[in-house]
> 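Take this structure first; my questions come after.
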There are 2 protein chains.
Amino acid sequence: MTRIDLQIAKSGCSACPIRHRAICATCEPEELDRLSGMKSYRTWKAGETILLEGAQLPFVGSVVSGCATLTRSMEDGRIQMVGLLLPSDFVGRHDRETAAYEVVAATDVTFCLFKRAEFRQMLVETPHVMERMLQMSLDELDAARDWMILLGRKTAREKVATLLANILRRAASSGHPLRAELPLTRDAMASYLGLTIETVSRQMTALRKEGVIEMQGHRGITCADLSALLTEAGDDEDGLPLA
Amino acid sequence: MTRIDLQIAKSGCSACPIRHRAICATCEPEELDRLSGMKSYRTWKAGETILLEGAQLPFVGSVVSGCATLTRSMEDGRIQMVGLLLPSDFVGRHDRETAAYEVVAATDVTFCLFKRAEFRQMLVETPHVMERMLQMSLDELDAARDWMILLGRKTAREKVATLLANILRRAASSGHPLRAELPLTRDAMASYLGLTIETVSRQMTALRKEGVIEMQGHRGITCADLSALLTEAGDDEDGLPLA
DNA sequence: CGCACCATTGACGTGGTTCAACCTTGGTGG
DNA sequence: CCACCAAGGTTGAACCACGTCAATGGTGCG
């Protein structure tokens, strides 16, 4: 966060798209007012680095729209994504001075930011917000652990299918067949899955040629039969109750 | 937790070995009294299953001594460890009815348990404890994310070296050369690392034959030169300032 | 002593990486 | 308007790290 030019756009929170899912989800009106007074928005363009590993961390906040990635890297250049930030997800630790991960905008992305010290104070004074923060952290921990199964035990095909299924479930504005725009480049997908670009690409063409998915350009995917995709993903919970 | 026979050993918390690292680390005396009144101890033998995935979760608590593992498994039997519980680590979600992971005793292990509902109440009423809980959750999230790099990007040799180095750092009662007793079977190590037993075994013998470590039986390991081991681990932060 | 259980070792197959070439697509300027 | 270029994506061939399968070795307990 080298250049700090915050847009001070103090519209109320009530129209906020993440109002009911983010850190503020369970806030009482007066708590919301306080958060509202602290907040500021800032947008980054796709590809821009938001935070470097180890950088000073003056802000924490939530993704309002778009998508960003958390990554860690080894000295020899190997990179692993360790978090995928979608709208309502929270970034930053109130009790840490520096960022533990590199944060990069995957698409154009807008954050709702709070000064770290102010947010920390708020947290201590309003148990409501602290509880919500705890709940979200525990959910993220569960998500990280699910991800560990993928990284440790799944095959390349299962990994790719799992990612596509997750994106379809989260991003698809429903409808049959399910359709979504991938918020990630092949590079970012590989980083997410612990694979190389080439393997991701091969698995996607394989899934396409076998009719499990269809593609519109490099980013658009359609899936007529989600349970087929889930079977490929290895999470065989496709036992959708057939009404 | 099929059979519930709690030892009601209400010794005070002041002599507790995890008093200053566990959930109770930052408690004021009266908070500690309350926790003390709620707690009970229970011990499991190495190999016993403590909780099945999806089972009812009447208790939450901390590891007092010994070691337990958190694992998730796929329907076809593939298993991935997602958490390693050492003394002072916390298990269970106050806000969930069922266990998300299987918990197994790796060694004989003793827990300090609280009834989930009671603990939840305590959490809401004492921000101190909630804050500590949040801090511990965030630490675990960071640990899970470090683990993801290992699973996604490290080679078998690096994985094994990393695990051994971690155990040596945590368990070794210091002294040169560093020595520790592995709390995990080869099976559990493989599960932790996303490898097979055979690969773990081969890498350990390789490290031994190359003189990076020595072994006393299957469980005892000694390392004369930790920085050599860290080099093998790929976390090249061995730049120990040479005083 | 002998049986289980865990760990080691070996031979072999394969899924995923590596390296390299080629293709697509969208943007830019002549 | 189209030629060109850069960036991202795909495809192919060869290699190798790790998994698989199977046999052997060690160790502690009844």
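This one's a predicted model, so the numbers in the text were calculated from it and none came from an experiment. Every chain is numbered from 1 and lettered A, B, ... according to where its sequence line falls, protein lines coming before strand lines.
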> Can you tell me how far apart CD1 (Ile50(B)) and OG1 (Thr69(B)) are? Round to the nearest 0.5 Å.
8.0 Å
> Would you indicate whether Glu53(B), at its atom CD, is surrounded by more than 12 heavy atoms from other residues, nucleotides or ligands within a distance under 6.0 Å?
yes
> When you check the phosphate oxygens OP1 and OP2 of dT17(C), does a side-chain N or O of Thr196(A) lie under 4.0 Å from one of them?
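Checking dT17(C) against Thr196(A), a side-chain N or O does come within under 4.0 Å of OP1 or OP2.
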> Round to a whole Å and report the spacing from CE of Met204(B) to P of dA7(C).
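One finds 9 Å between P of dA7(C) and CE of Met204(B), rounded.
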> Taking atom C1' of dT8(C) as reference, at what distance in whole Å does atom CD of Gln203(B) sit?
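Rounded to whole Å, this separation is 13 Å.
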> Does the side chain of Met74(B) come within less than 4.5 Å of Arg72(B)'s, by heavy atoms?
no
> Between the side-chain atoms of Arg202(B) and the base atoms of dG10(C), is any donor-acceptor pair under 3.5 Å?
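Present.
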> OP1, OP2 of dC18(D) versus side-chain N and O of Thr199(B): anything below 4.0 Å?
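No, because none of the side-chain N or O atoms of Thr199(B) sits under 4.0 Å from OP1 or OP2 of dC18(D).
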> Take the protein atom NE2 of His218(B) and the nucleotide atom C1' of dC6(C), then report the distance between them rounded to whole Å.
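In whole Å, dC6(C) C1' and His218(B) NE2 are 6 Å from each other.
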> Using the side-chain heavy atoms of Leu195(A), tell me which of these nucleotides is nearest: dG16(C), dT9(C), dT10(D).
dG16(C)
> Rounded to the Å, how far apart are Ile197(A) CD1 and dG16(C) C1'?
14 Å
> At under 4.0 Å between heavy atoms, what does Gly194(A) touch on the DNA or RNA strands: base, sugar-phosphate, or nothing?
sugar-phosphate
> Between Asp235(B) and Lys154(B), is there a side-chain heavy-atom distance shorter than 4.5 Å?
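When only atoms from C-beta onward are counted, Asp235(B) and Lys154(B) do touch, with a gap below 4.5 Å.
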> Could you give the CG-to-C1' distance, from Leu193(B) to dA17(D), as a whole number of Å?
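Whole-Å distance recorded here is 15 Å.
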> Report the distance from atom CG of Leu184(A) to atom P of dG9(D), rounded to the nearest whole Å.
10 Å
> Rounded to whole angstrom units, what separation is found between the CG atom of Asp187(B) and the P atom of dA4(C)?
19 Å
> Using a strict cut-off of less than 4.0 Å between a Lys/Arg side-chain nitrogen and an Asp/Glu carboxylate oxygen, indicate whether Glu97(A) and Arg116(A) qualify as a salt bridge.
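Answer for the salt bridge query: yes.
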> To the nearest Å, give me how far apart CZ (Arg186(B)) and P (dT27(D)) are.
12 Å
> Quick check on dT11(D): is either OP1 or OP2 less than 4.0 Å from any side-chain nitrogen or oxygen of Ser201(A)?
no
> At less than 3.5 Å, do the side-chain atoms of Glu198(B) and the base atoms of dC18(D) form a donor-acceptor pair?
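By the distance-only test, no, there is no pair.
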